[in-house]
Amino acid sequence: MVEIKLTNTRTRRKEAFVPIDPADVRMYLCGPTVYDRAHLGNARPVVVFDVLYRLLRHVYGSRHVTYVRNFTDVDDKINAAALARKEAGDPRSLEDLIRARTEETIGWYHADMDALGALRPDHEPRATDYIPQMIDMIADLIAKGHAYEAAGHVLFDVRSYPAYGQLSGRSVDDMIAGARVEVAPFKRDPMDFVLWKPSSGDLPGWDSPWGRGRPGWHIECSAMSAALLGESFDIHGGGIDLQFPHHENEIAQSCCAHPQADFARVWLHNEMLQVEGKKMSKSLGNFFTVRDLLDQGISGEVIRYVFLMTHYRKPMDWTAEKVREAEATLRRWRGIAGGVTQSGTAASEIVTAIADDLNTPEALAALHEMYRSITRLEHRIAYYEDEFPSVGDEIADFVTSAQALGLLLPEIGEWLEIADEVGERIMEIAIARRDARQARDFSTADRIRAQLEAAGVLIKDGPGGAIAWERGPNFDPDKLDGIL
RNA sequence: GGCGGGUUGGCGGAGAGGUUACGCAGCGGAUUGCAAAUCCGUGAAGACCGGUUCGAUUCCGGUACCCGCCUCCA
């Protein structure tokens with residue numbers, strides 16, 4: 001069996017991964033707060049974890065992996081978005097507006113992450129469906145002396161958990177020293193955080209032993225992971241910015257509520273995304289969503305490839321140059337993968353690279369080498385004809401290897417596809433051009449080539465009058481009319 | 001102030017204490033009516049200063065610079 005190694009934030013080391021139960025490997029990823037379109041930074045952990053999910057399924061079997069990614073649908077930003085609509089004159093109730101907003105955002109999220117070729121998790125729990133579990137957990141924490149009620153809030157008592165700060169490598173005293181937080185007067189310690197807070201009448205709320213209110217930010221993940229994966233599970237991840245306070249607080253809650261359990265054994269954090277060397281932010285004007293890129297004609301597969309070019313634990317810079325490179329590479333790859341339908345075997349170099357702490361750049365390098373060995377063979381076959389065997393098996397293995405990274409999947413290939421009917425039409429034109437070339441009527445041949453290019457079809461002449469073409473960046477089938 | 005990460009060839013980006021990463025771009029060649037595509041070949045590196053070592057870009061220490069988190073944030 002392939003040995004998987006992962007860098008565990010908790011121990012700060014790369015460790016061999018040993019599942020609690022190989023028959024049910026369990027992982028949890030902190031998902032989005034559903035108040036708006038997913039921005040590009042939201043997509044990075046989704047792609048990283050998709051690669052991990054595919055790897056685990058490959059190694060342990062697809063029925064032996066459980067992947068949970070939550071939707072946070074209770075949050076002040078959601079309330080604000082709904083309130084803004086109400087103030088803009090929307091007649092619906094605030095509850096309806098919130099529901100509509102979260103439903104809509106989840107739909108967007110699914111569409112955008114599907115476009116990146118990310119598999120849907122096995123469970124996508126919504127926070128609002130787990131309020132009773134959160135209330136139970138909070139009550140349990142109070143009973144165990146780790147939380148207290150004050151001024152209508154319930155707060156976690158960080159001093160009651162000596163290991164607090166271990167994940168992020170900081171002590172409570174250090175944090176207080178450098179803190180820029182406003183300290184609520186009812187807190188016993190400045191670092192105590194909210195488990196439950198009161199809701200006024202115009203905000204969403206649920207009845208609880210502490211009055212009508214809503215959960216704090218961190219408790220949902222503790223409650224949902226316990227409900228769906230158990231008190232101990234294998235992998236928990238998210239962006240490095242979640243390391244503190246979110247994950248630190250999750251650990252405190254879960255480990256105090258379930259002192260006999262491990263909670264998450266391995267913590268994985270991806271580094272942040274930059275855009276042209278700078279942090280993506282609205283104020284710098286370099287902020288954009290996944291949908292913005294898709295609408296610009298950058299396919300989800302290209303976006304995925306750009307992500308995979310950088311190891312997940314390094315900051316990743318999104319640049320136009322990388323997009324160009326990724327697109328050119330995928331065009332070539334899809335160019336040879338086209339007609340192959342047989343299934344292959346993922347190359348061991350690829351699986352080994354991914355298993356080595358998700359080393360996707362190395363996996364891509366191995367794919368480049370596979371590609372080159374195939375084109376080299378194809379070249380020889382084309383020139384010397386039957387002296388070499390078919391490369392069908394090699395291509396099938398290449399495609400299967402790429403699919404281990406979530407690339408070259410049929411469902412994200414539409415950006416290069418051409419409808420059969422249109423393909424026949426192009427073939428007709430290309431044959432006419434070949435005939436003109438063979439008659440040495442180069443002005444006609446060049447005219448046809450230029451017109452095809454204008455329609456976004458790139459002609460690639462092969463030896464001996466072989467015909468090949470590719471769908472270019474500005475493909476427009478309407479412009480094919482009247483070429484002949 | 002506290003915690004953490006980074007600095008590799010023109011660009012992107014990995015691994016490994018001693019042997020070509022890989023990709024893009026460039027250059028030379030093949031092929032081609034001409035392009036494109038494709039194929040073959042090829043130069044180029046590891047912030048700075050010390051230390052360990054037969055040997056370090058790779059390990060250790062320091063310096064400089066950059067970045068992230070500490071506040072909603074993937």
Side-chain angles (χ1 to χ4, degrees), chain A residues 9 12 29-33 35 38-49 69 72 75-77 80 165 167-171 173-182 191 217 237-246 248 269-274 277-282 305-306 308-317 319 321-322 324-326 328-329 331-332 335-336 353 356 359-372 375-380 382-383 436-438 440-443 445-446 449-450 453 458-466 468-470 472:
Chain A
T9 309
R12 279 147 232 277
L29 176 65
C30 289
T33 301
Y35 65 101
H39 64 249
L40 192 61
N42 295 120
R44 172 120 104 137
V46 171
V47 171
V48 167
F49 263 66
R69 183 180 64 209
T72 296
D75 176 86
D76 289 343
K77 283 190 288 266
L167 179 74
S168 49
R170 43 188 106 192
S171 74
D173 293 323
D174 286 345
M175 285 186 274
I176 293 167
R180 297 182 295 202
V181 271
E182 269 183 62
M191 296 314 294
W217 173 35
I240 188 68
D241 56 330
L242 292 182
Q243 184 186 23
F244 186 89
H246 184 56
E248 197 72 71
H269 290 104
N270 60 277
E271 254 294 348
M272 308 300 276
L273 177 112
Q274 299 184 326
K278 294 186 173 147
K279 178 177 172 156
M280 184 167 82
S281 74
K282 285 179 180 167
Y305 188 102
V306 171
L308 299 178
M309 284 169 79
T310 305
H311 187 89
Y312 78 95
R313 285 192 300 106
K314 290 211 168 166
M316 197 216 87
D317 198 13
T319 64
E321 174 61 16
K322 282 184 183 167
R324 190 198 62 72
E325 257 188 57
T329 300
R331 281 180 177 282
R332 264 183 279 127
I336 63 162
D356 183 11
N359 194 336
T360 54
E362 191 177 304
L364 289 178
L367 281 171
H368 277 293
E369 284 173 7
M370 287 180 89
Y371 171 84
R372 200 171 50 148
T375 53
R376 187 177 296 163
L377 262 180
E378 279 187 330
H379 191 256
R380 293 169 70 186
Y383 282 88
R437 282 179 73 208
Q438 286 179 344
R440 305 196 68 79
D441 177 3
F442 298 122
S443 64
D446 288 352
R449 182 169 68 197
E453 267 172 36
L458 305 176
I459 284 284
K460 301 197 284 189
D461 290 336
W469 74 83
E470 179 181 279

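Sequence lines set the chain letters: A, B, ... in the order given, protein chains first and strands last, and positions in each chain run from 1.
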Contact class for [X] (heavy atom, under 4.0 Å): base, sugar-phosphate, or nothing?
{"X": "A/M309", "value": "sugar-phosphate"}
{"X": "A/R324", "value": "sugar-phosphate"}
{"X": "A/R376", "value": "sugar-phosphate"}
{"X": "A/L458", "value": "nothing"}
{"X": "A/H269", "value": "nothing"}
{"X": "A/Q243", "value": "nothing"}
{"X": "A/E325", "value": "base"}
{"X": "A/G41", "value": "base"}
{"X": "A/E369", "value": "sugar-phosphate"}

Residue pair A/L308 / A/T360: nearest heavy atoms and the distance that separates them: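 Scanning both residues completely, I find the closest heavy atoms to be O-OG1, 2.8 Å.
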Compare side-chain N and O positions of [X] against OP1 and OP2 of [N] and report whether any pair is under 4.0 Å apart.
{"X": "A/T375", "N": "B/C39", "answer": "yes"}
{"X": "A/W469", "N": "B/A36", "answer": "no"}
{"X": "A/K314", "N": "B/C67", "answer": "no"}
{"X": "A/R332", "N": "B/C24", "answer": "yes"}

Is the side chain of [X] donor-acceptor paired with the backbone N or O of [Y] at a distance under 3.5 Å, no angle test?
{"X": "A/Q243", "Y": "A/H269", "value": "no"}
{"X": "A/R69", "Y": "A/P32", "value": "no"}
{"X": "A/N42", "Y": "A/H39", "value": "yes"}
{"X": "A/K322", "Y": "A/D317", "value": "yes"}

Starting at [atom1] of [X] and ending at [atom2] of [N], how long is that distance when rounded to a whole Å?
{"X": "A/H246", "N": "B/A74", "atom1": "NE2", "atom2": "P", "value": "9 Å"}
{"X": "A/E271", "N": "B/C69", "atom1": "CD", "atom2": "C1'", "value": "9 Å"}
{"X": "A/N359", "N": "B/A21", "atom1": "CG", "atom2": "C1'", "value": "11 Å"}
{"X": "A/H311", "N": "B/G13", "atom1": "NE2", "atom2": "P", "value": "13 Å"}
{"X": "A/E470", "N": "B/U38", "atom1": "CD", "atom2": "P", "value": "9 Å"}
{"X": "A/F244", "N": "B/C69", "atom1": "CZ", "atom2": "C1'", "value": "9 Å"}
{"X": "A/F442", "N": "B/C34", "atom1": "CZ", "atom2": "C1'", "value": "8 Å"}
{"X": "A/L29", "N": "B/A74", "atom1": "CG", "atom2": "C1'", "value": "9 Å"}

Nearest nucleotide by nearest heavy atom, which residue falls closer to the 5' end of RNA chain B, A/R12 or A/M316?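 The residue closer to the strand's 5' end, by nearest nucleotide, is A/R12.
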Let me spell it out: for each of A/L273 and A/T310, pick the nucleotide of RNA chain B with the closest heavy atom. Which residue's pick is nearer the 5' end?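 Closer to the 5' end of RNA chain B: A/T310.
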Mind telling me whether B/G23 is syn or anti, cutoff 90° either side of 0?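 What B/G23 shows is an anti base, its glycosidic angle lying more than 90° from 0.
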B/A45 to B/C11 separation - P atoms, rounded to the nearest Å: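 Those two atoms are separated by 12 Å.
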Which nucleotide, if any, forms a Watson-Crick or G-U wobble pair with B/G68, using both distances under 3.5 Å?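 Partner of B/G68: B/C3.
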So if I take every side-chain heavy atom of A/D446 and compare against B/G12, B/G23, B/G33, which nucleotide ends up nearest?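 Nearest nucleotide to the side chain: B/G33.
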Among B/G33, B/C72, B/A35, find the nucleotide with the atom closest to the side chain of A/R440.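 Among the listed nucleotides, the one closest to the side chain of A/R440 is B/G33.
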Taking C-beta and beyond as the side chain, do A/T375 and A/R332 meet within less than 4.5 Å on heavy atoms?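 A/T375 does not reach A/R332 side chain to side chain.
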For A/Y305 and A/H368, take the angle between the two ring planes, folded into 0 to 90°, and tell me which bin it lands in: parallel under 30, tilted 30 to 60, perpendicular over 60.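 Geometry flag for A/H368 against A/Y305: perpendicular rings.
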